[in-house]
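This report concerns only the one structure given below.
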Amino acid sequence: MSTRYPFTAVVGMDDLRLALLLNAVSPAVGGVLVRGEKGTAKSTAVRALAELLPTVPVVAGCRFSCDPASPDLGCPDGPHGTAPGTERPARMVELPVGASEDRLVGSLDIERALSEGVKAFEPGLLASAHRGILYVDEVNLLSDHLIDHLLDAAAMGSSYVEREGVSVRHAARFLLVGTMNPEEGELRPQLLDRFGLTVEVAASRDPQQRVEVVRRRLAFEDDPAAFADRWAADETALRERIVAARASLPQVTLGDDVLLQIAATCAAFEVDGMRADIVMARTATALAAWAGRTEVTSEDVRQAALLALPHRRRRSPFDAPGLDEDKLDETLEEFKGQDQEPDEDPEPDGPGDGGPGDGGPGGGVPPQGDGPAAENSPVPEETSPPAPSSSPEPAPQGAASGERAAVAASEPFRTKVLSVPGLGEGAAGRRSRARTEHGRTTGSVRPRGALTKLHLAATVQAAAPYQKARGRTGPGLVVRRDDLRQATREGREGNLVLFAVDASGSMAARRRMSAVKGAVLSLLLDAYQRRDKVGLITFRGRDAEVALPPTSSVDAAAARLEKLPTGGRTPLSAGLLKAHDVLRVERLRDPSRRPLLVVVTDGRATGGGADPVALAARAARLHAADGTASVVVDCETGPVRLGLARELARELGGTAVTLDELRADSIAGLVRDVQGHRKTTARRAA
């Protein structure tokens, strides 16, 4: 069996380790979401936590980990009655990003269910994770339909599998832990709220601490067993402290004054719903138990707020997570009870004093240093990504003449739905029509491989003519493998939305560029909600550049847009050619994801060759020949309009829309225009 990296050997990252330990003390806290850049040992710390959890008593032979003291009455392997109990280590089950629905929730043998009436159920990962940890690495890349199942199970503590009238239910209560890199995209708000706590991690900038990280990692890779033995005493001490804190948790008192501070803090930061209040109360109680106290203090409430509220206070996808600590302190002070005095020594000697588990906020985490028992280790400064500035930036040193500083975007608005015509087969999303595993049933086919979605009517129709030949005598239907039919369904897919933004001098008027940025920001917000990948190309001066390669991180695109300067000529052909190159590469990487090209320009081509207008037209026809769906956002304003953007849209085989028409509350039906124009173009070509 492979040896895991010891939890106590992780260097730095006090907030992450504390959040994980609090969930080990009180699983009711609700899990942890770990956000941070790649290569910061997020997964290492999470996997190491499983080794610290106490053993779990289970019913012998039960595939669903029922507790012998209170077995699940509806367990598919039950009823258990007085079945003997046994103990096993706590499990950490990993959910791969590309897992199927059957792998997550389990699967039924549909053929046996129809022909024999037997509920032959094979448990999935949700059953394995019951009373343990369900870990999702890169949770922000998880498919929508898997997220829906996770939300249901997390909300109800149960998993339901229903197929054509056959239903199975089993308990599924687990500690949900996810890691993600925000550069690769954000989470849906519904799933974000299901994580009790969140922490931001970043690599230390302290050279000595980075040296220690490398030293320990190399030692672990050279001899994992010897390295684990070196930290075994510290691991045991920390495990004992978790058990002690769990035992003392019911004795911790949560006073009315502290509850008032919790409620006031959640109200002050305008978090939605009441889950934040409950999570803060549970976290503060766990902090007190971890520190060996029996009463929750204001400092516990403060620490709980820093862990439980940052991901809940985001008002839009482009808001950076975090809390105003000055405002937090003011709120806590305002609602502090008159009889509550600050503790001079809030951390009495507890389990492991002077060893693993001491130090850090709220009772803290194991100290780090050159060896297992080292103390006074350097603590990394907390870092969090700065919020994008909305103020204009000065032009960069050495910028070309005529370049203007970046201007802030106008207020975003709800846009009309831009969709790719036809029927795709891409990743699940919410933009264009596609054949998907979920959605409305449109037909049936013979299954290829395992049957996942039975089309009952088509199956019965296929089996009915052969019942006499198969010797049917009773009421049951004699079904063979060849009779089974897979349902074909139509839903929505996510697309690659590639923005080509004109940043030339003709777009540089401050009001105009502000409106253009507001429109692109609105489209980015729409792409976030529809689970698209996005890319950003800008063109000005003499050339075009890929400001952001295609990514799932809409936040990153918004940040690049915010800093976009303007000025110079309009190399429209260069922008279109750069977009063509990007789309060609993306078709090779992800051929099932259909692209939508959004060109934001006034259509004036003034750079890129002797005849820039003709070059731009030729570049546009390359996209039309590839069948790329496209929309031109016409930014031309003023009483005299040349209509160049609409001419560009005709060359692209797409449609043009003004900034006003882009709004969802405008009269123009943009989706109908896109689809209608494509059909008209196809008829002309035929």
Side-chain angles (χ1 to χ4, degrees), residues 98-111 113-114 142-149 151-152 160-167 188 416-466 477 479-497 526-527 529-533 587 590-596 627-629 669-683 686:
S100 65
E101 178 185 345
D102 286 349
R103 185 73 186 96
L104 177 64
V105 301
S107 58
L108 289 171
D109 189 330
I110 302 295
E111 186 174 357
L114 284 176
L142 203 61
S143 300
D144 269 4
H145 67 284
L146 297 183
I147 287 178
D148 291 337
H149 286 298
L151 289 174
D152 290 342
Y160 290 83
V161 182
E162 299 191 14
R163 298 279 173 83
E164 307 298 341
V166 181
S167 177
R188 285 169 53 184
K416 284 196 172 293
V417 181
L418 305 177
S419 64
V420 178
L423 194 63
E425 295 181 348
R430 296 185 181 85
R431 183 171 297 279
S432 305
R433 293 173 56 225
R435 297 183 185 92
T436 61
E437 292 185 1
H438 300 267
R440 63 186 182 89
T441 302
T442 58
S444 64
V445 295
R446 289 181 180 272
R448 297 178 181 177
L451 179 71
T452 56
K453 297 291 182 181
L454 178 73
H455 194 297
L456 183 58
T459 299
V460 172
Q461 187 176 6
Y466 307 103
L477 190 67
V479 179
R480 302 281 174 81
R481 176 69 186 175
D482 291 343
D483 301 329
L484 299 178
R485 295 294 182 268
Q486 176 88 15
T488 57
R489 303 192 176 192
E490 182 178 314
R492 293 280 169 177
E493 67 177 358
N495 298 110
L496 166 60
V497 182
D526 182 69
Q529 294 168 340
R530 299 184 187 281
R531 306 286 288 175
D532 294 315
K533 289 180 69 174
R587 283 190 181 96
D590 190 357
S592 64
R593 189 181 290 269
R594 298 186 295 164
L596 175 65
T628 303
L670 183 58
V671 177
R672 292 193 298 273
D673 289 347
V674 173
Q675 296 175 342
H677 191 87
R678 290 293 297 273
K679 290 177 181 177
T680 302
T681 304
R683 285 198 298 270

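The structure presented is a predicted model; accordingly, all values stated were derived computationally and were not measured.
- Annotation: the span from Lys533 atom NZ to Asn495 atom CG amounts to 11.5 Å, rounded to 0.5 Å.
- Residues Glu101 and His149 come closest through the heavy atom pair OE2-NE2, 3.2 Å.
- If you take CZ on Arg446 and CZ on Arg485, they are separated by 4.0 Å, rounding to the nearest 0.5 Å.
- Rounding to the nearest 0.5 Å gives a distance of 10.0 Å between CG of Leu454 and OG of Ser444.
- Looking at Arg594, its side chain does come within 3.5 Å of a backbone N or O of Pro421 through a donor-acceptor pair.
- Of all the heavy atoms in Gly443 and His455, the pair that sits closest is O-CD2, 3.3 Å.
- Between the side chain of Ser432 and the backbone N or O of Glu493, no donor-acceptor pair lies under 3.5 Å.
- For the pair Pro595 and Thr628, the tightest heavy-atom approach, listed with the atom from each and the gap, is CG-CG2, 4.2 Å.
- Arg431 contributes no side-chain N or O that, together with a main-chain N or O of Arg492, makes up a donor-acceptor pair within less than 3.5 Å.
- By the 4.0 Å N-to-carboxylate-O rule, Arg593 lies too far from Asp532 to be salt-bridged with it.
- The line from CG of Leu418 to CG of Leu596 is 6.0 Å long, rounded to the nearest 0.5 Å.
- Other residues, nucleotides and ligands contribute over 12 non-hydrogen atoms within 6.0 Å of the CZ atom of Arg587.
- For the residue pair Ser419 / Arg530, no side-chain donor-acceptor distance below 3.5 Å is found, with atom types taken as modelled.
- Heavy-atom minimum distance, Ala434 versus Leu423: N-CD1, 3.5 Å.
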- [ ] Take Asp526 and Lys416, measure what salt bridge (Lys or Arg N to Asp or Glu O under 4.0 Å) needs, and give me the verdict at the end.
- [x] CA-CA 9 Å; Asp526 182 69; Lys416 284 196 172 293; over 6 Å; no
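- The minimum heavy-atom distance linking Gly106 with Val161 is given by the pair O-CG1, 4.3 Å.
- Between Leu142 and Arg531, the shortest heavy-atom distance links the atoms O-NH2, 3.1 Å.
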